[in-house]
Amino acid sequence: MAKFFTELNDGLRQFIASQHVFFNASAPNEGRINLSPKGLDTFRILSDKQVAYLDLTGSENETAAHLAENGRLTLMFCSFEDKPLILRLYGKGRVVHPRDPQWQELRASFPTIPGERQIIVMDIESIMSTCGFAVPLYKYKGQRTLLPDWSSKMGEERLEEYRTQRNLQSIDGLPTYLNDAPPEPAS
Ligand SMILES: Cc1cc2nc3c(=O)[nH]c(=O)nc-3n(C[C@H](O)[C@H](O)[C@H](O)COP(=O)(O)O)c2cc1C
């Protein structure tokens, strides 16, 4: 049976803290829906109504483009261990870049991980927990270090070039505003 919540409570916070992976889903108004698996120590609960994750450099930048267009974001956690549970956080997301005034304070919540690109902040609108009875059992063996290793090897200068070549538009051609803020709306 699904249960709905309007904010996080201690039990939900503990469940999130014990997960090693989460999934983010976002979609443009028209075009391809993105769904990504995220690991490493990149997720933080900022309050009962707000969460954030440190987004790392990769070959695409889908979430940022979709959030700039419509802000819709769903995050999902699910248990792969004894006690099953799936938790979905629904809300509105926005991107905080190193150029933004909020960056320093938010960035301080995360460890240093090579390749940081931006921070995705989500205001929670609703939360749903469901049973997760069909999710398989897996044993956690550890986090892969391949992405931070790749970023370290690239170095910040090459990563910046890489992001400029690859991360300024979504796969549907929508702007991600990674390097420049969106234009002010005409008054
Ligand atoms: C070295 C490397 C590692 C990657 N690892 C991940 C990963 O762990 N999770 C992920 O969602 N995408 C990973 N990607 C793929 C893209 O970055 C992914 O398409 C992009 O992250 C999707 O957009 P999003 O980050 O806004 O969800 C990786 C790409 C590269 C080049």
Side-chain angles (χ1 to χ4, degrees), residues 16 18-44 46 50-78 80 86-100 102-103 106-107 109-124 135 138-182:
I16 288 173
S18 58
Q19 301 313 306
H20 306 293
V21 61
F22 66 96
F23 300 82
N24 63 296
S26 64
N29 295 342
E30 279 181 37
R32 280 163 278 195
I33 297 166
N34 183 63
L35 174 62
S36 295
K38 305 289 179 191
L40 302 168
D41 182 18
T42 55
F43 193 88
R44 291 291 178 274
L46 303 179
Q50 196 176 58
V51 295
Y53 67 88
L54 182 66
D55 178 69
L56 305 173
T57 304
S59 48
E60 266 70 45
N61 192 10
E62 296 301 289
T63 309
H66 301 165
L67 296 184
E69 197 179 56
N70 57 45
R72 293 178 304 165
L73 183 61
T74 297
L75 301 176
M76 190 189 82
F77 296 84
C78 59
F80 297 101
I86 303 172
L87 190 65
R88 291 180 175 86
L89 311 181
Y90 304 99
K92 284 283 179 314
R94 64 194 160 84
V95 179
V96 176
H97 298 97
R99 64 176 179 266
D100 296 323
Q102 225 197 325
W103 174 262
L106 260 181
R107 176 66 193 76
S109 309
F110 298 95
T112 300
I113 302 178
E116 66 189 26
R117 183 167 63 176
Q118 55 209 355
I119 293 171
I120 310 289
V121 178
M122 184 172 99
D123 293 313
I124 296 171
V135 176
Y138 275 94
K139 274 221 181 317
Y140 176 66
K141 282 174 68 177
Q143 292 285 353
R144 289 179 209 267
T145 61
L146 289 169
L147 182 55
D149 292 348
W150 174 80
S151 293
S152 293
K153 214 165 150 194
M154 289 278 278
E156 195 40 48
E157 209 170 304
R158 273 175 66 211
L159 275 180
E160 211 170 307
E161 275 171 38
Y162 179 89
R163 286 192 292 262
T164 298
Q165 279 168 12
R166 308 242 1 180
N167 289 170
L168 301 189
Q169 289 194 338
S170 71
I171 54 176
D172 291 319
L174 293 170
T176 64
Y177 302 109
L178 182 68
N179 288 353
D180 299 295

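As the structure lists them, so they are numbered: ligands from 1, and atoms in each ligand from 1. Not measured: the values here are computed from a predicted model.
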(message) Tell me if a side-chain donor or acceptor on T57 pairs with a main-chain N or O of R117 at a distance below 3.5 Å.
(response)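 Here the side-chain-to-backbone pair does not exist.
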(request) Would you mind telling me which of I119, L40, V121, N24 makes a side-chain contact (heavy atoms from CB on, under 4.5 Å) with Y53? (result)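 Only match with Y53 under side-chain contact (heavy atoms from CB on, under 4.5 Å): N24.
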(message) Just to verify, what does D149 make a side-chain contact (heavy atoms from CB on, under 4.5 Å) with, not counting sequence neighbours?
(response)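 D149: side-chain contact (heavy atoms from CB on, under 4.5 Å) contacts with T145.
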(message) Give me each pair satisfying salt bridge (Lys or Arg N to Asp or Glu O under 4.0 Å) with a member in residues 60-75, each pair once, sequence neighbours excluded.
(response)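 Listed by first then second residue: E60-R166.
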(message) Could you work out, with side chain to side chain donor-acceptor pair (under 3.5 Å) as the rule, every residue matching R94, not counting sequence neighbours?
(response)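 Applying side chain to side chain donor-acceptor pair (under 3.5 Å) to R94 gives Q102.
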(message) I'd like the residue list for ligand 1, meaning every protein residue with a non-hydrogen atom under 4.0 Å from the ligand.
(response)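 Contacts of ligand 1 under 4.0 Å: N24, N34, S36, P37, K38, D55, G58, S59, E60, N61, E62, T63, R117, L147, W150, Y162.
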(message) Check this for me, if you would: do R32 and D172 make a salt bridge, where the nitrogen-to-carboxylate-oxygen distance has to be below 4.0 angstrom?
(response)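 Salt bridge flag = yes for D172 with R32.
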